[in-house]
Amino acid sequence: MSIQFLDTTLKNTTVLASGILGNNKDILERVYNNGCALVTMKSIGPEPRDGHNNPTVIDLGHGIINAVGLPTPGYTNMEKEWKDLETRDFPLSASIYGGSVEEYARVAEFVSKQKPDMIEVNISCPNSEKHGMTFGVHAKSAHEVVSAVKKVTNVPLIAKLTPQALNIAEIAKACEDAGADAICAINTVGPGMVIDIESGMPVLDFKKGGLSGPMIKPVAIRCVYDIYKAVKIPIIGLGGISTGEDAIEMIMAGATLTGIGSAVKTRGINVFGLVTKEMTRWLDRHNSTIDSIRGAAH
Amino acid sequence: MSIQFLDTTLKNTTVLASGILGNNKDILERVYNNGCALVTMKSIGPEPRDGHNNPTVIDLGHGIINAVGLPTPGYTNMEKEWKDLETRDFPLSASIYGGSVEEYARVAEFVSKQKPDMIEVNISCPNSEKHGMTFGVHAKSAHEVVSAVKKVTNVPLIAKLTPQALNIAEIAKACEDAGADAICAINTVGPGMVIDIESGMPVLDFKKGGLSGPMIKPVAIRCVYDIYKAVKIPIIGLGGISTGEDAIEMIMAGATLTGIGSAVKTRGINVFGLVTKEMTRWLDRHNSTIDSIRGAAH
Amino acid sequence: MLKVAGKQEENPEFATLFFNSSLIFKPGQFIMLWIPEVDEKPYTLSSVSDKKFGITIEAKGIFSKKAISLKKDDLVGIRGPFGNGFTLPKPGDSIAIVAGGCGLAPLAPLLDRINHDRVSITCIHGARSKDYLLFKDRFKFERYFCTDDGSLGHKGFVTDLLKEKIADGNTFNKVYTCGPEIMMHKVFEICEKHNIHCQVSLERYMRCGFGLCGACVCGKEVVCKDGPVFGSEKLRDMEDFNKTALLKSGKEVALDDYFAWRHP
Amino acid sequence: MLKVAGKQEENPEFATLFFNSSLIFKPGQFIMLWIPEVDEKPYTLSSVSDKKFGITIEAKGIFSKKAISLKKDDLVGIRGPFGNGFTLPKPGDSIAIVAGGCGLAPLAPLLDRINHDRVSITCIHGARSKDYLLFKDRFKFERYFCTDDGSLGHKGFVTDLLKEKIADGNTFNKVYTCGPEIMMHKVFEICEKHNIHCQVSLERYMRCGFGLCGACVCGKEVVCKDGPVFGSEKLRDMEDFNKTALLKSGKEVALDDYFAWRHP
Ligand SMILES: Cc1cc2nc3c(=O)[nH]c(=O)nc-3n(C[C@H](O)[C@H](O)[C@H](O)COP(=O)(O)OP(=O)(O)OC[C@H]3O[C@@H](n4cnc5c(N)ncnc54)[C@H](O)[C@@H]3O)c2cc1C
Ligand SMILES: Cc1cc2nc3c(=O)[nH]c(=O)nc-3n(C[C@H](O)[C@H](O)[C@H](O)COP(=O)(O)OP(=O)(O)OC[C@H]3O[C@@H](n4cnc5c(N)ncnc54)[C@H](O)[C@@H]3O)c2cc1C
Ligand SMILES: Cc1cc2nc3c(=O)[nH]c(=O)nc-3n(C[C@H](O)[C@H](O)[C@H](O)COP(=O)(O)O)c2cc1C
Ligand SMILES: Cc1cc2nc3c(=O)[nH]c(=O)nc-3n(C[C@H](O)[C@H](O)[C@H](O)COP(=O)(O)O)c2cc1C
Ligand code: FES
Ligand code: FES
């Protein structure tokens, strides 16, 4: 079920979500070899950053809470990674973030020289006080960031949005107007907090963290549904997908591609191959194609 | 573990959430007799309203999605209910909503004459295009509604908030400044959407619905934590509580009372008694009291 | 979602829809039937076998008319089973079944489950006219019919027949009844007079089906969860039985107004 | 959260913490230990019985120093067990255990599980000096010690002893090793030369512990999930073994820089 997305031909609809398994060529290649059509790198920022202390990632049974805190070597500090990735033979999306419009542009300009197939602009991370999400909750700032990035690169741009926005469709439209070539929705939900009652302490060192996995799927589906109505550019639907059926649901909401993050924990790296197989089986049984079911819920 | 809340003495910390089991004296009394300390009525609006068609309430396993759609007989249209409730011997909170500041005030004025022990102002319902939530996502409108209601009643006021607000602490502060005597957090999360992939249809007739139950607990805990930092008035913590341990966690986040909604499905009407028993057992085992653990996570 | 696996048209206004799926259920329990883009309503299971179950629907308003016009392979949503179900009779019991119209639907699987050698059964079934008597050929044992127009059996009410059977010296220790609420109330009164334990299956507007939303509340009972079957002990305290019900808005009204509201 | 049920001070810098809780685990698996307001780090299980388990910690930086200073009844968080664990030897196998310092911790429960009558075991254990040799009295069988200062056993490296044993004509078919990565790499090289299957237990900075966040990635292997134990087949392809590791920021650096960064 090969599919055209922006300027790239993908072998199926599955996408590795940003922040899952990191940035190194070998592991990303393994993800690709396990059935993933498009791998997204861990978000890359302007300065080296360690992220938060542990605990940073906790399994809640029906999902994950995390406050990894945008660790990054910093975009200029990844010679080895970039060099390794030069020789890759799989489609790559580089996720970036910044603390200001200028930083986003600076990171994007540098990163686009490394020739990723696309750049994902993360304006939606809840796990840092200064970075990311603030830009994604207002149409004006979202527009500014995407415009600034668009000016400095020809690489196709994906804007990654947060469900915390009051009107995510409006944000998506602002990104489209600013030149985004696609939307990715959603980043983690919340934030949430889990308190360990024996110690009386929040279990995350950063106290709050973003929610992901099965429990956020209804929010992700609703967001993609709303965005599909508002924009013409394609959508990477992401949030709570673990099975082929979940991916079909996401496509019916309006997604073109289907991102997978937390399910790498529950089903292993092979989840991409499994989901694709389940989708194919479902489509065959229903005499359908990806194209015929996209947006079916509208 | 009797507890003082606003002007009322409550037998424990459990509260029936609004919209659960309705408005009729007999059933509310049964909830009270099953261990609930304070029962909240289904939100009452300005005009008779049927709410949405079915399906309106769906179990998702790790929680509930609902778009009941604020059905209400209308505040002037409940003679029998009000009359029955006059002779009650249990603490009652009347939840109200409106489509405008004026409507909130009008409903509140009438309802306060029915002498509930408190009035909960629902500025947070996601299941109607016109009502409720719009007021709860901006500090200014939240302030307006609560101020207007405060002017027309002497009954203690609770402002019920939505986690969809970008900064729920700011909204809580605005409500406190406007004269709210307590905060209730949170209403349902999202909204979300669930699509039935066989038919390609959203399973709720209203398409979108609010999420509740275990999956929203981390969001509720975070909200109560944020609000506790921002206001001095007490908080009814609500969202995902099913067990005594959940309630303890909510109190550690800063809640004075602990509301219960969706768990009425999973554990039955007796959930209030069960939760209280579990709390007592936990407190005894830890040589603690409700007062000593409140806000412990801060 | 399930496909309609088959349909049995019982008469122009009644049909049974079958689904290929196994349900663990007790007679008297119900499911919520969702017809996409129409509505979702409760229906009691009228037949259940290993891999198949059925619901029997009487065409009344928009939804039920749509339901009986469903065709094989049409997709519908099924949630459930919900509710408590009937308390089954014990060996040695002598019971009466009193069904009005479509009210035989929830009672039919009860009849299927009972060991007829060990329980003595008197089955009374009434309808408008002959054609509206459900499952005429489903059961092997004798049934007592009555019709409003006298087209079959006794001309008159099922309650007449019940009284007659009691007067004839039948000593029932349990009566199961389902049908219009006024009929069930009459049956309950007869049972009270003769000290017979009675179980009725109530009908109220429902949303969640699992005891959360309060749409179906009747007095202090939650019909979808504590019911829909209620026995004499609860019925005695249930002031709203045969009196009031909640509209979709939550407003409590007299039962007549409740049914009037439901007119299309 | 679990209470520290007991502590055994192995020497001034090593301690074993015990917890009363049953874990289903394989030797070589690890847990994440959370000390509230400090940090959360991985530790392999060093002893497991029915209702109790233990982890053995070497005081290195802030966290591990805090950990060995915990007292009975202190509360800590435990997540896990995580990881793959060692592949146990089969009856008839002849194995060598090569442990450096605290590296005996993951190997100890392996020694507990092995049927010593059916598996021939040569256990080599090295440390800075005599006092740093872990579990000196825990095992009944003979062990070969070596110390940097010669205070007990051979003065020199565990790899010297391994080579010696092989030269002496011992034919091992499996070698299990844990200790500094450079030591494990040497052991692996010796094994390769002699065609012996080798299993090493790697250590990388970890966050989730369950194969999601990528903090612990080593080449194409996810150490917390595919490891921490890796056998010869994988080690041969693992270019980053004894070469590079990821810092907390995700930056890939030479192993020396990795350990230097970790200085308090
Ligand atoms: C627990 C439960 C089990 C049920 N099981 C069945 C079942 O097995 N088979 C079945 O056909 N229905 C059953 N019902 C009723 C069913 O859910 C619908 O209410 C019914 O099909 C009518 O729906 P409608 O929307 O088509 O008609 P509406 O538009 O609601 O009503 C159309 C007309 O029918 C009348 N009417 C509706 N219901 C009743 C009633 N109960 N008594 C008298 N008049 C009535 C109305 O007054 C109106 O005149 C059950 C209800 C409940 C609560
Ligand atoms: C799967 C796994 C299992 C582990 N099991 C154990 C165990 O059973 N017992 C145990 O004590 N530790 C174990 N560790 C290591 C442990 O998680 C900590 O890294 C260690 O306790 C040091 O933490 P720290 O914060 O105190 O020291 P840091 O501040 O991280 O380091 C302090 C000093 O110790 C040095 N150092 C740290 N780790 C190593 C190392 N592995 N090799 C050489 N030098 C090092 C640093 O270079 C630095 O000089 C394990 C790690 C992993 C990944
Ligand atoms: C451990 C972890 C780290 C993440 N890091 C990033 C990140 O760096 N950048 C980003 O845009 N999203 C990040 N996310 C969000 C995911 O990309 C994804 O949007 C979210 O997890 C929802 O998808 P899921 O439910 O499939 O996990 C992270 C998620 C997790 C669980
Ligand atoms: C079926 C249903 C109906 C609800 N109706 C209302 C309502 O009318 N007014 C209101 O303020 N909240 C309403 N809520 C929200 C609950 O009061 C509560 O805030 C939410 O369910 C979270 O709590 P829980 O996780 O314990 O269910 C409703 C929730 C459900 C599930
Ligand atoms: S239908 Fe919701 S409580 Fe009965
Ligand atoms: S620690 Fe997260 S993947 Fe290994």
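Because the structure is a prediction, the values reported are computed rather than measured. A, B, ... follow the sequence lines: proteins, then strands. Residue 1 opens every chain. Computation of the quantities below employed the complete heavy-atom set of this structure, encompassing side-chain atoms and omitting hydrogens, waters and symmetry-equivalent molecules.
In this structure, chain A has a heavy atom under 4.5 Å from the side chain of D:Lys225, while its backbone stays farther away. Contact of D:Leu247 with chain A is not made at all, since no heavy-atom distance falls under 4.5 Å. Heavy atoms closer than 4.5 Å to chain A are found in the side chain of D:Arg79, but not in its backbone. Contacts of A:Pro55 with chain D are made by both backbone and side-chain atoms, with heavy-atom separations under 4.5 Å. Contacts between D:Leu212 and chain A at a heavy-atom distance below 4.5 Å involve backbone atoms as well as side-chain atoms. Of the atoms belonging to A:Asn24, it is side-chain heavy atoms, and not backbone ones, that fall under 4.5 Å from chain D. Using a 4.5 Å cut-off between heavy atoms, A:Lys265 contacts chain D through both its backbone and its side chain. For chain D, no part of A:Val31 is nearby; none of its heavy atoms comes within less than 4.5 Å. Heavy-atom distances place no part of A:Asn23 under 4.5 Å from chain D, backbone and side chain included. Neither the backbone nor the side chain of A:Glu29 has a heavy atom closer than 4.5 Å to any heavy atom of chain D. Contacts between A:Glu79 and chain D at a heavy-atom distance below 4.5 Å involve the side chain alone, from C-beta outward. Proximity to chain D (any heavy atom under 4.5 Å) is shown, for A:Leu28, by neither the backbone nor the side chain. Residue contact with chain A, scored on non-hydrogen atoms closer than 4.5 Å, is absent for D:Asp74.
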Test side-chain contact (heavy atoms from CB on, under 4.5 Å) applied to D:Val98 and D:Met183, step by step: CA-CA 9 Å; D:Val98 184; D:Met183 176 205 104; 4.3 Å; yes
Test side chain to side chain donor-acceptor pair (under 3.5 Å) applied to A:Ser18 and A:Thr40, step by step
CA-CA 5 Å; A:Ser18 177; A:Thr40 312; over 6 Å; no
Exercise. Taking it one step at a time, do A:Ile119 and A:Ile96 satisfy side-chain contact (heavy atoms from CB on, under 4.5 Å)?
Worked result: CA-CA 7 Å; A:Ile119 291 180; A:Ile96 62 160; 4.0 Å; yes
List the steps and the verdict of ring pair (Phe, Tyr, Trp, His ring centres under 6.0 Å) for D:Phe18 and D:Phe53. CA-CA 6 Å; D:Phe18 292 100; D:Phe53 68 87; 9.1 Å; no
Next on the checklist: One pair to check against side-chain contact (heavy atoms from CB on, under 4.5 Å): D:Leu246 and D:Arg204. What are the steps and the verdict?
Outcome noted: CA-CA 7 Å; D:Leu246 305 185; D:Arg204 288 295 181 273; over 6 Å; no
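Annotation: residues 213-221 of chain D contacts chain A through D:Cys213, D:Gly214, D:Val217, D:Gly219, D:Lys220, D:Glu221 [non-hydrogen atoms, separation under 4.5 Å]. The stretch residues 266-276 of chain A places A:Gly268, A:Ile269 near chain D, each with some heavy atom under 4.5 Å from a heavy atom of that chain.
Counted by atom type alone, A:Lys25 and A:Thr87 present one or more donor-acceptor pairs between their side chains at under 3.5 Å.
Other residues, nucleotides and ligands contribute more than 12 heavy atoms inside 6.0 Å of the NZ atom of A:Lys80.
Residues A:Arg30 and A:Asp26 are not paired through a salt bridge, judged by the lack of any N-O separation under 4.0 Å between the basic side chain and the carboxylate.
Of all heavy-atom pairs spanning A:Thr14 and A:Cys36, the tightest one is OG1-CA, 3.5 Å.
Using the six-membered ring where Trp is involved, A:Phe110 and A:Tyr75 have ring planes that are perpendicular, over 60° apart on the 30 and 60° scheme. Using a 30° and 60° split on the angle between ring planes, D:Phe82 and D:Phe30 fall in the tilted class, from 30° to 60°.
Counting heavy-atom pairs closer than 4.5 Å to chain D, the top residue among A:Asn77, A:Val264, A:Asp84, A:Ile197 is A:Asn77. Between chain A and the residues D:Glu37, D:Glu239, D:Met32, the most heavy-atom pairs under 4.5 angstrom are made by D:Glu37.
Among A:Leu60, A:Val194, A:Thr188, A:Ile64, the single residue meeting the side-chain contact (heavy atoms from CB on, under 4.5 Å) criterion with A:Leu211 is A:Leu60.
Checked against the 6.0 Å centroid criterion, the rings of A:Tyr104 and A:Tyr97 do not qualify as a close aromatic pair.
Cation-pi geometry between A:Lys11 and A:Tyr32 is met: under 6.0 angstrom from the ring centre, within 45 degrees of the axis.
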